[in-house]
Amino acid sequence: MPVKFHKNILCIGAGYVGGPTMAMIAHQCPDYRVTVVDVDARRIAAWNSDNLPIYEPGLDAIVRSTRGRNLFFSTEVAQAIKDNEIIFVSVNTPTKTFGAGAGMAADLQYWEKTARQILTHSESSKIVIEKSTLPVKTALAMECILNGAEKNGIHFDVLSNPEFLAEGTAIKDMTEPDRVLIGSRETESGLKARHELVEIYARWIPREKIITSNIWSCELSKLVSNAFLAQRISSVNAISALCEKTEADVAEVSRAVGMDSRIGAKFLNASVGFGGSCFKKDILNLVYLCKHYHLDEVADYWESVVRINEYQQERFILNMLNAMFNTLAGKKICILGFAFKADTGDTRESPAIFIARRLMEEKADLVVSDPKALANAREDLKGASGSISFIEDPYEAARGSHAIALLTEWSTYRGLDFEKIYRDMAKPAFIFDGRNILDHQKCFEIGFDVYPTGKPPLTHF
Ligand code: UDX
């Protein structure tokens, strides 16, 4: 191990959070040696190649300038544990699919395996940092595993340091975060460990943005942040249903409400529903925790955020059916956008998956179009019975269709030539805008029957 480095940092888990976060630390702290390990050799090979396993604007440049200098990717987990004194744990904690808490609780098997691995291979005291999103009190279990064995004088301090980066803006979110959260035990060694981590982030983040707290508040804050963000979307989506009944316009309501500085304008765009790998998983995790502590009313409150999200997607289908004379059988429907949000190929928990499956149940013929997500869409719809094709070019995808369902807010969709699209569609031609990004009046004037979200429809009959 070269002596020139001030400290040696390890991250176990080279996924969406671990890889970019460590690249950023290596970039900002050239005197720290940062190693990222994973059991998945293919993923590590990709991190070591020109074709990184994750696409994030700005990530390539940072990895290129640090890799081989003070950033290393490897599969040598045991050796890396021995060599490093600060260990981030960033393994996946998906929703459990079996046994108690199936469909709700976090599956902690990879996380516990990692804790035991750290214990087995450590030959000196370490700081272990939870980076994965975990249920509150997980640090206690981590401490039990690591310190319970009383391994000849070795001590482990467990910290929590959740990640708040969003897909597509990860590098920006890490360069200028709203805040960095560091939780620890408030013992002498806990506070010392906390200080070590603060010093890393203080290299590029103003100290007033680095918040320290007790470890349980820290673990819980991550779940609650995501729950609050999702709750805002469900709140505005619930109001969108009311707007459709009352001729109010949800965009106007959002603007008026969001200008109250106590509420704020962000995350108030009505949509076909939220998706992504975090929101649903974290809320269900929060719900499970509340139930565990017999806080059933609190659990119900948060579960309703997920229920409204499902309702919004079901409502989208029912609006389509209703507008299209209560039958979709044999009609060609073009889905524009399959990713859970724009500028990513990620389709995890994308509302498009549910909507495509429901449309196929109605025996519609589907054409799915997306600039980046078609490979994932194919996987997601594997096994769904019915007629389906995947066409990247939106003009070709829409040709001959009875309706367009716009499900992702890709900016290229705003600039499409809708006159041309209209000419090539079956009549009457419908547009259902699940993201409210199109010029609805213009589409109506071209001849479409337009159904925005949370706004009065513009129809010709
Ligand atoms: C989210 C959190 O933002 C991030 O802090 C956390 O670490 C991980 O989860 P991400 O899943 O990448 O990040 O996506 P985000 O940009 O938050 O969007 C989530 C979903 O909400 C998307 O489907 C998006 O389209 C939807 N959304 C967002 C709306 O429907 N309306 C809005 O106003 C905002």
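None of the values given here were measured: they were computed from a predicted structure. Remember, it's 1-based here, ligands and their atoms both numbered in the order they're listed.
Using a cutoff of 4.0 Å between basic side-chain nitrogens and carboxylate oxygens, Glu362 and Arg358 are scored as salt-bridged.
Legend: salt bridge (Lys or Arg N to Asp or Glu O under 4.0 Å) pairs involving residues 201-216, not counting sequence neighbours, sorted by first then second residue: Asp31-Arg203, Glu199-Arg207. Within the structure, every pair that satisfies the side-chain hydrogen bond (donor to acceptor under 3.5 Å, both in side chains) test and touches residues 366-375, not counting sequence neighbours, is listed here: Asp370-Trp410.
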Check ligand 1 for close polar pairs with the protein: N or O on both sides, less than 3.5 Å.
{"from": "ligand 1", "atom 1": "5 (O)", "to": "Phe164", "atom 2": "O", "distance (Å)": "2.8"}
{"from": "ligand 1", "atom 1": "7 (O)", "to": "Leu165", "atom 2": "O", "distance (Å)": "3.0"}
{"from": "ligand 1", "atom 1": "7 (O)", "to": "Lys222", "atom 2": "NZ", "distance (Å)": "3.0"}
{"from": "ligand 1", "atom 1": "12 (O)", "to": "Glu167", "atom 2": "N", "distance (Å)": "2.7"}
{"from": "ligand 1", "atom 1": "12 (O)", "to": "Lys341", "atom 2": "NZ", "distance (Å)": "3.2"}
{"from": "ligand 1", "atom 1": "14 (O)", "to": "Lys341", "atom 2": "NZ", "distance (Å)": "3.2"}
{"from": "ligand 1", "atom 1": "16 (O)", "to": "Lys341", "atom 2": "NZ", "distance (Å)": "2.9"}
{"from": "ligand 1", "atom 1": "23 (O)", "to": "Gly275", "atom 2": "N", "distance (Å)": "2.9"}
{"from": "ligand 1", "atom 1": "23 (O)", "to": "Phe340", "atom 2": "O", "distance (Å)": "2.8"}
{"from": "ligand 1", "atom 1": "25 (O)", "to": "Phe340", "atom 2": "O", "distance (Å)": "3.4"}
{"from": "ligand 1", "atom 1": "25 (O)", "to": "Arg435", "atom 2": "NH1", "distance (Å)": "2.7"}
{"from": "ligand 1", "atom 1": "30 (O)", "to": "Ser271", "atom 2": "OG", "distance (Å)": "2.6"}
{"from": "ligand 1", "atom 1": "31 (N)", "to": "Asn269", "atom 2": "O", "distance (Å)": "3.0"}
{"from": "ligand 1", "atom 1": "33 (O)", "to": "Leu268", "atom 2": "N", "distance (Å)": "3.4"}
{"from": "ligand 1", "atom 1": "33 (O)", "to": "Asn269", "atom 2": "N", "distance (Å)": "2.9"}

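A perpendicular orientation is assigned to the rings of Phe316 and Phe432, their planes being inclined by more than 60° (bins at 30° and 60°).
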Under 3.5 Å, side-chain donor or acceptor atoms of residues 95-108 against the rest of the protein: list the pairs with distances, not counting sequence neighbours.
{"from": "Lys96", "atom 1": "NZ", "to": "Ala100", "atom 2": "O", "distance (Å)": "2.7"}
{"from": "Asp107", "atom 1": "OD1", "to": "Gln109", "atom 2": "N", "distance (Å)": "3.1"}
{"from": "Asp107", "atom 1": "OD2", "to": "Gln109", "atom 2": "NE2", "distance (Å)": "3.2"}

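When each of Phe267, Phe279, Trp302 is checked for a ring pair (Phe, Tyr, Trp, His ring centres under 6.0 Å) with Phe228, only Trp302 meets the rule.
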